[in-house]
Number of protein chains: 2
Amino acid sequence: MKERLYLFDTTLRDGQQTPGVDFGLEDKLLIARMLDDLGVDYVEGGYPGANPTDTAFFGQRRTRRAKFTAFGMTKRAGRSVENDPGVAALLDARADAICFVAKSWDYHVRVALGCTNEENLEGVAQSVEAAARAGREAMLDCEHFFDGYKANRNYALACARTAWEAGARWVVLCDTNGGTMPEEVARIVADVASVVPGSHLGIHAHNDTGQAVANSLAAVRAGARQIQGTLNGIGERCGNADLVTLIPTLMLKADYRERFELGVTQEALAGITHLSRAFDEILNRAPNRQAPYVGSSAFATKAGIHASAIVKEPETYEHVPPETVGNRRRVLVSDQSGKSNLLSELARLGIPVDRHDERLDGLLSEIKEREAQGYAYEGADASLELLVRRRLGSVPAFFRVESFRVNVERRFDAMGRLKTVSEAVVKVDVGGDVRMSVSEGNGPVNALDRALRKDLGELNAWIDDLELADYKVRILNGGTEAVTRVLIESRDGEGNRWMTVGVSSNIIDASFEALIDAITFKLLKASTGEAMPAAAE
Amino acid sequence: MKERLYLFDTTLRDGQQTPGVDFGLEDKLLIARMLDDLGVDYVEGGYPGANPTDTAFFGQRRTRRAKFTAFGMTKRAGRSVENDPGVAALLDARADAICFVAKSWDYHVRVALGCTNEENLEGVAQSVEAAARAGREAMLDCEHFFDGYKANRNYALACARTAWEAGARWVVLCDTNGGTMPEEVARIVADVASVVPGSHLGIHAHNDTGQAVANSLAAVRAGARQIQGTLNGIGERCGNADLVTLIPTLMLKADYRERFELGVTQEALAGITHLSRAFDEILNRAPNRQAPYVGSSAFATKAGIHASAIVKEPETYEHVPPETVGNRRRVLVSDQSGKSNLLSELARLGIPVDRHDERLDGLLSEIKEREAQGYAYEGADASLELLVRRRLGSVPAFFRVESFRVNVERRFDAMGRLKTVSEAVVKVDVGGDVRMSVSEGNGPVNALDRALRKDLGELNAWIDDLELADYKVRILNGGTEAVTRVLIESRDGEGNRWMTVGVSSNIIDASFEALIDAITFKLLKASTGEAMPAAAE
């Protein structure tokens, strides 16, 4: 018989405290739906009454399954609960649950609130009772609980007990400053559990020492049964406990899997990689490639010493199967890799090569040599595929660029305004037919890209929907003079994406090389009818 | 009496396994120096014999204080230690210490190595003995130790014991797959300590469940005295234990501070924020703003329930004082605190401004607006100083560029070889005298740089020794269209270095802006006789 663990998401409340994050109403609606589908038990939507967005968001219930939860302060000292506008805003909110926050460190009660310890406890009791009377599930976030406990154990415990006795479903112990160590969390939670049953205790951990996940798990082992956290660990300062890391751990690791169950299904777990990346899209930031479980590198191997074995026996090299979290295995080709890395990479790319093909050694040393020059094929699948297939003789010469010229000019225009114009001219031979094209762009690379694709004769039908999706530049210190590496991500109308690389001491040359690969790759796939790489998630 | 804890850095070896990371020789030299200055005890430089970069890197000793450590496999079964080329490469390396890696999971011995358990133990013993005979400090990384222990406790312990009995200074328990939980680490380390003394045990943790830091600390509490990790937690898959997080925790948190001492001084600790960001610069990636201790948000608070109290009593809201790690408190949104930040920044740059100067508000909003556009003044002191002094009216118009033109042309030369030529023409007004200069370069930015500095009349005497030391490009997703940020580091003949920034949708424009600032800054300092900034470390 497994025990139920409850997940409380505070992405929309504590996550909103992340510097640079500011959710609008539409964002909140979308994220609430994602969380509901994931299967968390509580979605804390914000702080109704504190700002117009949150007040509007609580104008109706925004979740189907999860309990929609409003956050706010307990009543202030010196006024009745009926006359406290903050509590009134919470009771007006269309929420299933109300999470009150109250100080549990006597020092802060005195200095920040300026009231007596007793008045603070009264505020807790009366606010919790008011929420329960109004038919809401009530809970209390005990702010600064761990620091408060260390300063005055009896008062911190009195706060927890007061909430519990007043009818709170949950008493949540918050490591507000984020500096508590897992062993302290375990010891203190176990002590609190002598006053409030563990099945009514929650943990709210921050990542200021990089241990928000470990602190949350330590609290569970010590008896707590509710975990508060956020998507991708966003939150004030260093963030909150990352639910995207915690959920797979709780569902896949034996110690937890065998003792506990969550409201998250195995199917929802298999969507968590997608969820995490979609959430980064909403935040408009690049996903963390090294994120536990869901990062694009989480199941990637570069090492030659492991690569050959991983392909044979993945389960002894991977702490969980990548499919369970919707991620995938990647064996990267790199400077350090051997033939088995290359073979498994070719298999993944769908290029049939016999493992005894004599050309493999030459190919491997060419890749190593090019990587020594600055090429990085682990990020540029399409260029790698072209390199391999050129060696194996299966890439037609679709077109040949005879020359190009790029011009960037800054001058004052007739109105006396500074103006910079970029223009590119390209001379290209397409099946014996020499064509010249010229184009402007918002920079030299953009101009060159446009000119290159402007007129390739009949080939244009295949690349009409090609677009440059991203462009990255890295300057490498390749010895005496700087070398520039350019990575280009392209996409087409069907949502396919592919990466190409170019290297040169001249940034325009490097960009040109990556652009040519990008176009050639698309032409190759279109002309042979081969499938493009899977669309990025 | 405190116990000594030893730090073993593997940034240059396991960190090199990070997808997308590929250190050249120059990078390795620079990073080794940074680590040496930080005060780690061991710098693992790489895998001599495995690739040309690492072999060259081990051509001489690269650290002054830290033990310079080579990594490689124990001898293979079926050959003597004298006839093993891998071991020979390790013994040839100019290293103080050798870290061998060996399987400690019997399953992998059989499947991946294809030798007997006994042969594997013999390889461990003979390799460790050979290193010790050659005068090197020997240690063993027990690969897959925790999974191996769970599968066959006796064999895992036999591997550890064999290395210890053969004379290894350290036996390092590696959580190679990264999936072990802190409580398992604690239990297993304590058991191993019954066979090998804890003062000779190390921990090598990975972050696959987000607990590499917690696992490292759990091992220390269970008796281990060496911690392996990397700068900013880079490493294979989800990365290694982050030394930048662990060091402040070990030095500042009471449970560790009172029991242990490290080779890191308080002064070096105060440089760790700078170190972490400088390392990200080498990786050419944006620092993680939410990184524990060192992130720009680690001590930031958004206006809200805490902000006003923090200013009054920071020590009750911050788990450690930000100055101890060289970071700083930020209270966001509040214009007042923005102003005091700016004032302290100006004081640091040595720009005298009265705190009641009315122009400060305008300056602050200009900086905020430019940062919103993509400028990053944290890394570009010289551009910040110019911006401020232009506002305050103390930068002369040394010269004015009326127009420029940059041309990049690729064509076949008379010999039929492809050739790319970059040329720039600049028209500049120096004190009413209009001059035109033309120059070639190995790329458009280099050509523009040369043309700009070719003839500035009398000003040339002041900038003759100016050189472009580094050039970095980052593409920002600034909304609807990509924005390019260019950072240029310049140096002069006296070893002074200064950084400038330019931002534009056109990379040439952005580079031009940073180049103009670089020249102007040098002219300003030379013409006023002011000291240049201290040479960068």
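Each chain gets a letter, A, B and so on, in the order the sequences are listed, and its residues count up from 1.
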Under a 4.5 Å heavy-atom cut-off, does chain A meet the side chain of Ala291(B), its backbone, both or neither? backbone
Answer yes or no: is there a donor N or O on one side and an acceptor on the other, between the side chain of Lys253(A) and the main chain of Gly179(B), under 3.5 Å? yes
Go through Pro182(A), Gly295(A), Pro444(A) and name the one with the most non-hydrogen pairs under 4.5 angstrom from chain B. Pro444(A)
Just say parallel, tilted or perpendicular for the rings of His144(A) and Tyr317(B), cut-offs at 30° and 60°. perpendicular
I need the Asn407(B) CG to Ile508(A) CD1 distance, nearest 0.5 Å. 10.5 Å
Pairs of heavy atoms under 4.5 Å with chain B: top-ranked of Glu184(A), Met181(A), Arg221(A): Arg221(A)
Between CG on residue Asp208(B) and NE2 on residue His319(A), distance to nearest 0.5 Å: 4.5 Å
With no hydrogens and no angle check, is any side-chain donor or acceptor of Gln290(A) less than 3.5 Å from a backbone partner on Arg237(B)? yes
Rounding to 0.5 Å, atoms CD1 (Ile507(A)) and OG (Ser511(B)) come to a distance of 7.0 Å
Interchain contact, Asp255(A) with chain B, by part (heavy-atom threshold 4.5 Å): side chain
Which pair of non-hydrogen atoms, one from Cys238(A) and one from Tyr293(B), has the smallest distance, and what is that distance? SG-N, 4.4 Å
State whether a side-chain donor-acceptor pair under 3.5 Å links Asp147(B) with Thr316(A). no
Presence of salt bridge, Glu402(A) and Arg411(B), under 4.0 angstrom: no
Any side-chain donor-acceptor pair under 3.5 Å between Thr420(B) and Asn506(A)? no
Lys419(A) atom NZ: more than 12 heavy-atom contacts under 6.0 Å: no
Kindly list each side-chain donor-acceptor pair under 3.5 angstrom involving residues 211-218 of chain A, sequence neighbours excluded, with atom names and distances?
from	atom 1	to	atom 2	distance (Å)
Gln211(A)	NE2	Thr209(A)	OG1	3.0
Asn215(A)	ND2	Thr180(A)	O	2.9
Ser216(A)	OG	Ala212(A)	O	2.8

Determine the option with the most heavy-atom pairs under 4.5 angstrom with chain B, choosing from Gly374(A), Ala510(A), Pro248(A), Gly235(A). Gly235(A)
Mind ranking His108(B), His206(B), Arg410(B) by heavy-atom pairs under 4.5 Å with chain A and telling me who comes out on top? Arg410(B)
